[in-house]
Amino acid sequence: IGEGQSLVVALAPAAGAISLDGPVKGQLSADGTQVVVTPDTFQVGQTYKFALVASNQSGVAGSSQDLSFSTLPAATVDF
């Protein structure tokens, strides 16, 4: 992802709540089908590894899912 962008994680079935463990922050969509994830601190060319636990509408937590994404490397210009 680039600076100012986010990653969207799709959830099926919909979740009632989520928790994230790692150098990221996230927000569950109103319908519980997506989590929008952004790095705590953006760094160029960095890989962010984190764990996501989703709970169903009744509050029962599922298994932890290990996820990762990378930010874009620095741009280069050739003359």
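Annotation: side chain of L11 is in contact with side chain of L28 (closest heavy-atom distance under 4.5 Å). Inter-residue side-chain proximity for Y48 and L7 is flagged as unmet; no heavy-atom pair is nearer than 4.5 Å.
Taking a 6.0 Å sphere around CD of Q27, one finds it holds 12 or fewer heavy atoms contributed by other residues, nucleotides or ligands. In this structure, N56 places its CG atom where more than 12 heavy-atom neighbours from other residues, nucleotides or ligands lie under 6.0 Å away.
Following chains of ILVMFWY side-chain contacts shorter than 4.5 Å, one cannot reach V24 starting from V53, and the two form parts of different hydrophobic clusters.
Looking at residues two or more places apart in sequence or on another chain, you find a side-chain hydrogen bond (donor to acceptor under 3.5 Å, both in side chains) between T47 and S70. Under the rule for a side-chain hydrogen bond (donor to acceptor under 3.5 Å, both in side chains), S19 has no partner lying at least two apart in sequence or in another chain.
In this structure, S55 contributes its side chain and G16 its backbone to no donor-acceptor pair below 3.5 Å.
Here CD of Q5 is found 8.0 Å from CZ of F42. Values are rounded to the nearest 0.5 Å. Note: D66 CG to D21 CG = 9.5 Å, rounded to the nearest 0.5 Å. Of the inter-residue distances, the one linking T38 atom OG1 with E3 atom CD reads 12.0 Å to the nearest 0.5 angstrom.
Across all non-hydrogen atoms, the minimal contact from P39 to I1 is CD-CD1, 4.0 Å. Closest non-hydrogen pair, K49 versus P23, comes out as O-CD, 3.3 Å. Minimum interatomic distance between V36 and S6 (heavy atoms only, all atoms of both residues): CG1-OG, 3.5 Å. Nearest heavy atom pair, residue G22 against residue D40, reads O-OD2, 4.0 Å.
Each of V8, V9, L52 was scored for a side-chain contact (heavy atoms from CB on, under 4.5 Å) with V37, with one residue passing: V9.
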